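Following: one structure in structure tokens, then a few remarks.
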Amino acid sequence: MKIYFRLLQYAKPIQKYIVPYVLFSILGVIFGLLNFTLLIPVFDILFNNEAVQIVVKPVFSFSVQYFKDQFYYSLQEIIAQHGKVGALYFVCIILVSTVMLSNLFKYLSQRIMENWRIHIVMELRSAIFDKIMHLHLGYFSDQRKGDLIARVTSDVSTIQGSITNSLVVFFKEPLTLIGYFAVLFSMSTQLTLFTILIIPVSGIIISRLVKKLKRYANNAQVYFGNMISLLDESLGGIRVVKAFNAIEYVKDRLKHQNYEYSKNQRRIVARQQLASPISEFLGITTIAVILIYGGALVMEQQSALSASTFIAYIILFSQVLGPAKSLTNSLGDIQHGIVSGTRVFELLDVPLGVKDKPDAIVIKEFTNELKFQNVHFSYGDKQVLKGVDLTLTKGKTIALVGPSGGGKTTISDLIPRFYDPEEGVITIDGLDIRECTQESVRALMGVVNQEAILFNDTIANNIAFGMPNATPADIEQAARVANAHQFICESENGYDTIIGDRGNKLSGGQKQRLSIARAVLRNPPILLLDEATSALDTESERLVQDALTNLMKNRTTLVIAHRLSTIQHADEILVVQKGKIIERGSHTDLLGNPDGLYHRLLRMQELQHKTE
Ligand code: ADP
Ligand code: MG
């Protein structure tokens, strides 16, 4: 239930929808009732019934009686003027108009309901999108992408389906049922009390059914998420899948998930479809029991119930079955909605790992130095940084080197506040970066990673990414600095060439030069380069390295390098191993220690180079 009230938060502004909805529904019902009541004068005319005759013009009052009398009065006048056929025409025209109006109002109320539902779902979806974009990076390594996609798509559309049902359950059917029961009570209190006693029995049976459904529904979403994840991974890695002849393997895995999902669906459908026959069966059984009990009441000596009332009672009671049945059917859907709602709110409730303080400062410039003081950091239980100290002075270059898994990337991820340190502080010009807004900190830096992250868009838009005001001249300038201008001009549509999904129409070196151009265009005071060239072949590495050297000119840079020859000119080289900085100094300083790790790594790479 809590889930539903939370969902209703997205239903705002409620009055904008509920007021016209109720209004149109009531009008629809009134005109609907008029249709049936209008049949009575038609019969009266046809069968010459003179029973109802109003000769005096009725006095206005706001009552059903007045309108009825007024109608009959007008009808008589028409009969007097145009004869009975004329009156028949008159009644039929009104009949048609009321049918039209009642359906018009029904349509309008239905449309408002649908618009409301779409509005709720849209709000919910945009809340999810906002949330996902603000989630901390760690969330994405723990959670599979398919699961996220399933929550945004399939869960949200399940909610969409069940919202209407819930609105029906909450607003419409209870009112109808209360109305019916009020009349039933007025007909026979004893019998109705008896009826109400046996209703809980059906209630228990149905709630059993619904409970099982909830579990299946939850599994269904999980299977769906797995399927999407697998599909996403397989498509992303299609090249590897084919190269390793793993098509059959991947197909089997997809088939397996598909099968599990379908099996689960079958169970859900089996349960869901049971709801209708069971509620019908229970309804008729209830009627049978009432027949026995009520029949006994009628046949008693001083009968508490007249036979005609009893018949009317049974007819009316059978009318209750309709709304009762749609109530139970909706309950199943609502369970689905609740399961999905829970999953969506789980996502919306994930705490933001990195938060801006309410009075966070907007840091505008970098004038002096970036400093790590005794920084510790863990991914979950795994401690990765164990007391890192470093100082990056404006205009200088610091290089991080060392064996893979030592924590270099983690160090550079802490600077743009992708994560916050557990212990110790990182300061920019003496200001703790946790006191600053994430956006302002990130605006000070440009990042180039090992893997160029590009989007299926034009080259120009990929370079101008996140900078809508960049002019074509700026973009071209950036591309020149990044050694990319030439290959861009040679490609099909120049700067307007679409580069394919994740840029897969480009070579590795071209992709990397585009991401360098992107960093150049932002012109940030601090640069973070994480193994920007290590995924490249020697030829494109040289081109990219030239681009990087251009980029690093007059900037403050933290560079993580795999190939030690590229960072020999750095102002300071830090050797990172197992989360600690074990050696530091300039290239010549470090060479002076032949037992040091730097020396060893360098010798190893030289050997490698010779054998190449
Ligand atoms: P480097 O860049 O020096 O190769 P990283 O900083 O990438 O090292 O990783 C340091 C350690 O942290 C590694 O042992 C790695 O397994 C672990 N690690 C990196 N990223 C994550 C993550 N998102 N979740 C859990 N562990 C991680
Ligand atoms: Mg790394």
Side-chain angles (χ1 to χ4, degrees), residues 132-148 229 232-233 236 350-354 370 372 374-390 392 397-424 426 438 445-453 508 511-512 515-516 519 526-536 541 544-545 548 557-564 566-567 570 572-584 590 596-598 600-602 604-605 608:
I132 290 181
M133 285 299 131
H134 284 115
L135 281 171
H136 59 108
L137 277 187
Y139 185 83
F140 298 98
S141 36
D142 297 339
Q143 209 74 23
R144 289 161 60 114
K145 206 158 60 179
D147 181 71
L148 279 176
S229 283
D232 173 63
E233 279 172 4
V350 172
L352 290 175
V354 178
L370 172 87
F372 276 56
N374 190 31
V375 170
H376 291 251
F377 181 77
S378 324
Y379 293 107
D381 294 335
K382 185 173 173 191
Q383 198 172 22
V384 176
L385 297 184
K386 303 161 189 162
V388 170
D389 292 284
L390 66 86
L392 179 56
T397 295
I398 282 190
L400 299 179
V401 300
S404 160
K408 303 179 295 293
T409 299
T410 309
I411 293 178
S412 95
D413 278 351
L414 289 175
I415 301 175
R417 289 195 69 197
F418 290 154
Y419 306 97
D420 276 338
E422 248 164 36
E423 215 186 301
I426 303 172
Q438 295 165 57
M445 24 202 104
V447 181
V448 182
N449 295 108
Q450 182 167 359
E451 195 187 351
I453 310 289
K511 281 194 255 186
Q512 200 56 289
S515 57
I516 293 172
I526 302 172
L527 266 182
L528 305 172
L529 307 177
D530 188 355
E531 311 213 18
T533 59
S534 64
L536 305 176
E541 183 179 357
V544 173
Q545 191 58 51
L548 283 177
T557 313
L558 182 83
V559 53
I560 299 173
H562 168 72
R563 207 177 284 270
L564 300 181
T566 57
I567 47 100
E572 191 180 26
I573 297 170
L574 308 179
V575 184
V576 182
Q577 190 184 30
K578 293 187 182 144
K580 286 191 176 140
I581 296 176
I582 54 165
E583 280 171 63
R584 60 175 78 210
L590 293 175
L597 183 58
Y598 183 76
R600 258 203 345 261
L601 289 172
L602 199 65
M604 256 154 55
Q605 287 194 355
Q608 228 173 30

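No hydrogens, no waters, no symmetry mates; every other heavy atom, side chains included, goes into these values. FYI, the numbering just counts along the sequence from 1. Please read these numbers as outputs of a predicted model, since none were measured by experiment. First listed ligand is number 1; within each ligand, the first listed atom is number 1.
- Of the candidates Gln383, Glu422, Glu423, Lys386, Ser378 forms a side-chain hydrogen bond (donor to acceptor under 3.5 Å, both in side chains) with just one, namely Glu422.
- Side chains of Asp530 and Lys408 form no contact here, defined as non-hydrogen atoms less than 4.5 Å apart.
- With 2.8 Å as the limit, Thr409 counts as an N, O or S neighbour of the Mg ion (ligand 2).
- Taking a cut-off of under 4.0 Å to the non-hydrogen atoms of Lys382, the atoms of ligand 1 that pass are 13 (C), 14 (O), 15 (C), 16 (O), 17 (C).
- Thr409 OG1, 2.6 Å is the protein heavy atom nearest to atom 2 (O) of ligand 1.
- In terms of protein heavy-atom proximity, atom 27 (C) of ligand 1 is nearest to Tyr379 CD1, 3.2 Å.
- The backbone and the side chain of Thr410 each have at least one atom closer than 4.0 Å to an atom of ligand 1 (non-hydrogen atoms only).
- Checked against a 3.5 angstrom limit, the closest N/O atoms of Gly405 and ligand 1 fall inside it.
- Residues Leu558 and Ile526 fail the side-chain proximity criterion, which asks for heavy atoms closer than 4.5 Å.
- Tyr419 and Phe377 have tilted rings, their planes meeting at an angle from 30° to 60° on a 0 to 90° scale.
- Contact check for Val388 versus Leu574: no side-chain heavy atoms found under the 4.5 Å cut-off.
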Next on the checklist: Using side chain to side chain contact (heavy atoms under 4.5 Å, CB included), reason through Leu414 and Leu385 one step at a time and then give a plain yes or no.
Outcome noted: CA-CA 11 Å; Leu414 289 175; Leu385 297 184; 3.5 Å; yes
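- Looking from atom 23 (N) of ligand 1 to the surrounding protein, the closest heavy atom is Ser141 OG, 3.2 Å.
- Here the protein heavy atom with the shortest distance to atom 8 (O) of ligand 1 is Gly407 N, 3.2 Å.
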